[in-house]
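Here is the naming used below: chain letters follow the sequence lines, and residue numbers restart at 1 for every chain.
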Amino acid sequence: MSVENAPVVDVDEAAIPVEKKMYYRFESNDKKEFRVSELAIQQSETLNRLVEAMGYTSEDVENKPAIAIENIDGKTLKLVFQWCEHHKGEAIPVDDGSVPKIVEIPEFDAKLMDIDNGLLFKLIWAADYLNIVQLLNVSCKKVANMAQGKTPAQLRRVYLLPSDEEDEAAKRAAQEAQDPRAREVEEEFEERKRQGGNSFF
Amino acid sequence: MGVSCSKPLETAFDRLNTFLNLDWVTRWSPIAKTFPLFRLPLLTLIEVLKSLDPTELFILSKCSRKVANCVHYAGTKKWKLSVDVAKKCIKINNTYRLFIIETSKKTSWRYDEDSDTWFCKSQKSENSKFELQKVLAQLQNAFRCPVTSFEHSHWMRSDQCWLSVLNYITHNQIQPLESFAICGIYKKKDLEWALQNVRVSRKMNIYLYNMPNFTINFQPICEQIKFFSRDNLRLDLMKFKSCKYMELSLSLTMHDLDVFMKEWKAGGFPSLQYMGFSSIQSNWVDDILDFRKSEISQGGVRRRLVIDENLSVECTGGVDIQADNGTKATMQMSRGPPDWFMLFVWND
């Protein structure tokens with residue numbers, strides 16, 4: 001089991017403040033371990049509720065196995081916890097219902113999200129799964145920014161959106177795969193219509 | 001699967017994951033500069049849609065019918081559309097602008113960053129004048145929000161586009177318009193149809209030119225109306241009983257005003273707070289409610305009547321009167337030409 005010592009958390013024991021802040025241990029689905037401060041965990045509603053329910057003591061944290069987060073890989077989880085540590089203690093934003101949503105991407109977040117779109121996709125999934133509201137806001141804003149000044153054709157390419165024709169073709173293919181006889185019946189029906197028949201039967 | 005911990009919590013998470021179908025391992029392999037938007041979980045997708053501005057959202061809706069059916073999840077139903085037919089412009093939430101421009105080339109979209117404006121260059125065809133209506137229909141289909149403002153000004157009688165767009169709006173939404181403004185030369189039957197069919201809740205501005213001897217039968221339900229005509233146009237003021245604020249420039253005589261004021265005094269205009277009236281005719285010699293013109297036009301204390309946060313009018317004299325129900329008001333007239341008459345109804 002490898003321990004991820006990235007900027008997420010300073011694992012140097014001497015650096016741990018005198019008041020003995022609790023650092024929880026989490027493990028990604030590729031067995032990478034992270035230590036995250038109690039305050040940083042509060043940014044994630046899911047993890048915060050989880051650790052509250054578990055009621056771990058400092059000894060439990062050290063002695064019991066790391067909490068496994070099996071849906072998220074180490075690379076993504078590292079970004080998530082880096083973000084949580086940087087924003088620890090900040091208030092969780094409340095949606096005021098305004099559309100379009102006003103979201104500013106801070107410099108730190110912009111740098112953190114300067115990643116390929118595959119990893120950004122995973123980061124958004126992770127933020128959603130762990131219910132980290134502000135991380136979800138900034139990452140969704142980053143995706144929204146990809147649409148700036150683009151035409152429908154360009155948006156189709158950027159967001160990998162099928163056109164109506166492609167949707168129709170996919171639908172037909174799915175129908176045919178489900179019931180090959182349906183296509184035959186349809187063709188027979190069309191043929192009879194061409195021949196002038198009023199009734200199919 | 002999921003966050004593992006104590007046995008009961010683990011079981012609870014497993015159940016939640018099964019319910020929410022959180023097995024999100026994706027087969028999508030990232031290609032530079034692409035992002036599989038519709039593979040995001042629904043609530044996250046909605047967050048992205050909420051972060052797009054209205055024009056971006058509209059352009060996105062043009063990608064396919066499937067996408068068009070989703071964009072309203074962003075909460076667009078509470079948005080408002082304003083249509084300016086003459087400029088071929090649709091404003092979304094009074095901020096984001098979309099212009100339709102005719103071109104000989106294939107329909108295309110262009111975004112101008114400096115003016116924060118989208119231009120839809122539509123291919124010129126026989127029906128190209130209805131392109132605005134087509135784009136409006138697409139906007140309403142995508143956003144499912146109402147048109148709240150309609151504006152048109154033109155000086156050529158042949159333009160039918162405005163009527164077609166107005167017809168589309170009146171037939172495709174239940175909500176009345178908040179504001180309606182037309183200015184120019186109109187065919188009598190078109191104008192009649194428009195005024196009799198359009199429903200406006202707040203504000204109507206109508207400026208008519210070159211429409212002599214036109215009598216119109218319409219009953220506005222709006223709060224504020226401004227009606228100006230340079231010609232001999234007659235309106236039945238008795239049908240304006242819903243209005244709170246009226247500014248009229250028509251051919252009315254002092255006798256017409258006297259009849260109107262008698263009706264007001266009897267309580268026939270319960271909503272009215274202000275009426276300003278000017279006439280192209282100068283035969284104002286009769287009395288109004290038994291007051292001489294010289295009395296009504298005398299100067300006096302300046303008072304301001306506030307209609308709403310954006311609108312107020314100033315009274316500078318005149319005579320104070322009282323309706324049968326005790327409502328106090330002031331009538332004021334000009335001392336010389338041009339003739340004008342104002343009625344200020346005072347709240348407590």
Side-chain angles (χ1 to χ4, degrees), chain A residues 26-27 29 46-47 50-51 53-54 56 64-65 67-72 95 97-103 116-122 124-125 127-130 136-137 139-167, chain B residues 1-6 8-10 12-13 17 20 22-26 28-41 43-54 56-67 74-76 78-79 93 96 108-113 118:
Chain A
F26 294 95
E27 190 183 81
N29 62 3
T46 308
L47 294 181
L50 179 69
V51 296
M54 288 162 77
Y56 271 14
K64 293 192 175 178
I67 301 163
I69 303 176
E70 293 178 7
N71 277 342
I72 305 171
D95 191 352
S98 61
V99 177
K101 211 166 172 173
I102 315 280
V103 178
D116 69 68
N117 285 343
L119 190 52
L120 179 66
F121 183 78
K122 288 181 179 177
I124 294 177
W125 266 98
D128 178 57
Y129 180 61
L130 299 175
L136 198 60
N137 284 344
S139 52
C140 287
K141 179 68 181 172
K142 167 135 179 151
V143 175
N145 285 348
M146 293 175 192
Q148 269 175 6
K150 297 220 167 39
T151 62
Q154 288 168 329
L155 284 181
R156 259 187 233 118
R157 282 196 292 275
V158 170
Y159 288 141
L160 300 174
L161 302 170
S163 62
D164 286 337
E165 293 73 29
E166 287 165 333
D167 275 335
Chain B
M1 180 182 251
V3 180
S4 78
C5 40
S6 64
L9 274 170
E10 203 172 318
F13 264 92
N17 287 352
L20 294 174
L22 287 174
D23 184 11
W24 48 273
V25 176
T26 173
W28 166 69
S29 49
I31 306 162
K33 308 285 179 193
T34 65
F35 189 91
L37 183 66
F38 278 68
R39 289 199 188 179
L40 287 173
L43 292 178
T44 313
L45 170 66
I46 292 171
E47 287 302 311
V48 176
L49 297 180
K50 279 181 180 176
S51 296
L52 292 168
D53 74 35
E56 287 165 349
L57 212 48
F58 176 57
I59 306 295
L60 183 69
S61 77
K62 304 275 296 167
C63 290
S64 73
R65 283 196 297 271
K66 216 172 188 178
V67 178
T76 57
K78 54 188 172 188
W79 288 357
N93 287 348
Y96 303 91
S108 64
W109 294 85
R110 188 176 69 79
Y111 174 69
D112 181 57
E113 215 168 312
W118 273 98

request  = Could you pull out all residues at least two apart from B/K66 that satisfy salt bridge (Lys or Arg N to Asp or Glu O under 4.0 Å)?
outcome  = A/D167
key: Derivation and outcome, side-chain contact (heavy atoms from CB on, under 4.5 Å), residues B/F38 and A/L160   = CA-CA 8 Å; B/F38 278 68; A/L160 300 174; over 6 Å; no
task = Please name all residues satisfying salt bridge (Lys or Arg N to Asp or Glu O under 4.0 Å) with B/E56, sequence neighbours left out, ordered by chain then number.
result = none
Under 4.5 Å from any heavy atom of chain B - which part of A/K150 = backbone
query = What part of A/Q148 gets closer than 4.5 Å to chain B, counting heavy atoms only: side chain, backbone, both or neither?
reply = both
ask   = By a 4.5 Å heavy-atom criterion (distance strictly below it), what part of A/I102 contacts chain B: side chain, backbone, both, or neither?
value = neither
request  = Examine B/F35 together with A/F121 and report whether their ring centres are nearer than 6.0 Å.
outcome  = yes
ask   = Is it the side chain or the backbone of A/P162 that comes within 4.5 Å of chain B heavy atoms, both, or neither?
value = backbone
query = Which residue out of B/S64, B/S61, B/C63 racks up the most heavy-atom pairs below 4.5 Å with chain A?
reply = B/C63
query = With chain B, which of A/A127, A/P100, A/A153 has the greatest number of heavy-atom pairs at distances under 4.5 Å?
reply = A/P100
message = To the nearest 0.5 Å, what is the distance between CZ on B/F58 and CG on B/D53?
response = 13.0 Å
message = If I measure from the heavy atoms of chain B, does A/R157 come under 4.5 Å with its side chain, its backbone, both, or neither?
response = backbone
key: Part of A/N29 lying under 4.5 Å from any heavy atom of chain B   = neither
key: Backbone N/O of B/T34 and side chain of A/N117: donor-acceptor pair under 3.5 Å   = yes
